[in-house]
Q: 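Provided herewith is a single structure, encoded as structure tokens, for subsequent inquiry.
Because only heavy atoms are used, hydrogens play no part in the values below, and waters and symmetry mates are left out as well, while side chains stay in. Remember, it's 1-based here, ligands and their atoms both numbered in the order they're listed. When a residue number appears, it is its place in the shown sequence, counting from 1. Bear in mind that the values here come from a model prediction, so they are computed numbers and not experimental data.
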Amino acid sequence: MRTLTYLITGAFAASVLAACGGSAEATKSVDAVPAVFTDSGAVKIPQNYREWVYVGTPLTPNALNGGAAPFPEFHNVYVETNAYKHFERTGKWAEGTQIVKELVSVRENNNDPETGASAEVSGLGYMMGEFIGLELTVKDNDRFGDQPGGWAYFSFGHKPEPYNTTAEAFPSEACNACHETNAETDFVFSQFYPVIRAANGT
Ligand code: HEC
């Protein structure tokens, strides 16, 4: 009897949700889940960012950069899910948008001395090794009105986990300026992210 009551209640709740557009619709109306800041204004490391929308992985290996690329690792980029959905609908980055870039080393396995590629069963190539750094950008014109476009840039360390738990914003000339000049979609390098290009139809 008890089970039956639950079943009926569950079915009723589901039909009410469906009639109101469902809980997924309610989530969608939040344009972006904002970053969390400490009282002193440092940003806290985002939680569960590997479950955000993964948009692409640029790679600038040492072998193609005179042996010393500034970031020789893979750059895995994830956009906070609600901000991604907002971008998909509007082609614009909402206030509060968070995007992370996680650095992943190139796997070490009998690496070819000329190319740095690892030797694997599928051939010579660049395979992912270990997590080795985390950066974040946040668009927030209320908090960062002094930064062009309202975009602030942070690093939780260029090192293996555990990463730093908080980070201070960089001065705009350190990060923001290159993004402002070279990135395709409002300071974001969407030209390198096939998932974003597909979402936006560009
Ligand atoms: C010389 C240009 C340049 C500078 C300076 C720069 N970046 Fe970037 N950034 C890029 C490029 C190019 C990408 C595209 C992905 C890639 O290759 O890593 C990128 C991507 C990113 C992303 C992913 C989201 C996006 O906008 O595409 C984050 C986060 C990021 N950078 C953080 C930083 C931080 C933090 C700094 C300062 C410490 C910084 N960047 C300085 C060129 C730059």
Q: Give yes or no for whether the N/O distance cutoff of 3.5 Å, strictly under, is met between Phe154 and ligand 1.
A: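 No, Phe154 has no N/O under 3.5 Å of an N/O on ligand 1.
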
Q: Heavy-atom pairs closer than 4.0 Å: do any link ligand 1 to the side chain of Phe189, the backbone, both, or neither?
A: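 Contact part for Phe189 vs ligand 1: both backbone and side chain.
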
Q: Report, in ascending order of atom number, the atoms of ligand 1 lying under 4.0 Å from any heavy atom of Ile99.
A: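 Listed by number with element: 24 (C), 29 (C).
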
Q: Step through it carefully: locate the ring centre of Phe87, locate the ring centre of Tyr84, and say whether they are under 6.0 Å apart.
A: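 Ring centres of Tyr84 and Phe87 not closer than 6.0 Å.
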
Q: So, is Tyr153 polar-close to ligand 1, with some N/O to N/O distance under 3.5 Å?
A: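 No: no nitrogen or oxygen of Tyr153 is under 3.5 Å from one in ligand 1.
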
Q: Show which atoms of ligand 1 fall inside a sub-4.0 Å distance from at least one heavy-atom site of Thr137.
A: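 By the 4.0 Å cutoff, the relevant atoms are 29 (C).
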
Q: Nearest non-hydrogen contact with atom 8 (Fe) of ligand 1 belongs to which option: His179, Glu173, Glu135?
A: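 Residue with the shortest heavy-atom distance to the ligand atom: His179.
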
Q: Quick one: does Phe187 get within less than 4.0 Å of ligand 1, heavy atoms only?
A: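 Phe187 counts as a contact of ligand 1 under the 4.0 Å cut-off.
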
Q: Would you say the side-chain atoms of His158 and Glu73 include a donor-acceptor pair closer than 3.5 Å?
A: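 Yes, Glu73 and His158 have a side-chain donor paired with an acceptor closer than 3.5 Å.
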
Q: Checking contacts here: is it the side chain or the backbone of Cys175 that comes within 4.0 Å of ligand 1, counting heavy atoms only? Could be both or neither.
A: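 The answer is both.
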
Q: Quick check on Ala174 - does any of its heavy atoms sit under 4.0 Å from an atom of ligand 1?
A: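 Yes, that is the case, since the closest heavy atom of the residue is under 4.0 Å from the ligand.
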
Q: Is Arg107 salt-bridged to Glu120, cutoff N-O under 4.0 Å?
A: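 So Arg107 pairs with Glu120 through a salt bridge.
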
Q: Test your reading of the structure: does Lys101 have an N or O sitting under 3.5 Å from an N or O of ligand 1?
A: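 Such a contact does occur with ligand 1.
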
Q: Find all atoms of ligand 1 within a distance of less than 4.0 Å from any non-hydrogen atom belonging to Pro58, and give their numbers and elements.
A: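 Heavy-atom distances to Pro58 below 4.0 Å select 15 (C), 16 (C), 17 (O).
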
Q: Between Tyr54 and Tyr78, is the ring centre distance below 6.0 Å?
A: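 Yes; Tyr78 has its ring centre under 6.0 Å from that of Tyr54.
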
Q: With sequence neighbours excluded, tell me which residues meet side-chain contact (heavy atoms from CB on, under 4.5 Å) with Arg143.
A: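 Checked Arg143 against side-chain contact (heavy atoms from CB on, under 4.5 Å); matches are Phe37, Asp140.
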
Q: Heavy-atom contact check, 4.0 Å cutoff: does Tyr193 meet ligand 1?
A: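 Within the 4.0 Å threshold, so yes.
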
Q: Between the side chains of Asn76 and Thr57, does any donor sit under 3.5 Å from an acceptor?
A: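 There is such a pair (donor and acceptor under 3.5 Å, judged by atom type) between the side chains of Asn76 and Thr57.
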
Q: Does any donor atom in the side chain of Glu135 or Tyr163 lie under 3.5 Å from an acceptor atom in the other side chain?
A: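 Side chains of Glu135 and Tyr163: no pair found under 3.5 Å.
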
Q: Counting only heavy atoms not in Lys159, do more than 12 sit closer than 6.0 Å to its NZ atom?
A: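 Yes, because the 6.0 Å sphere around NZ of Lys159 holds more than 12 heavy atoms from other groups.
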
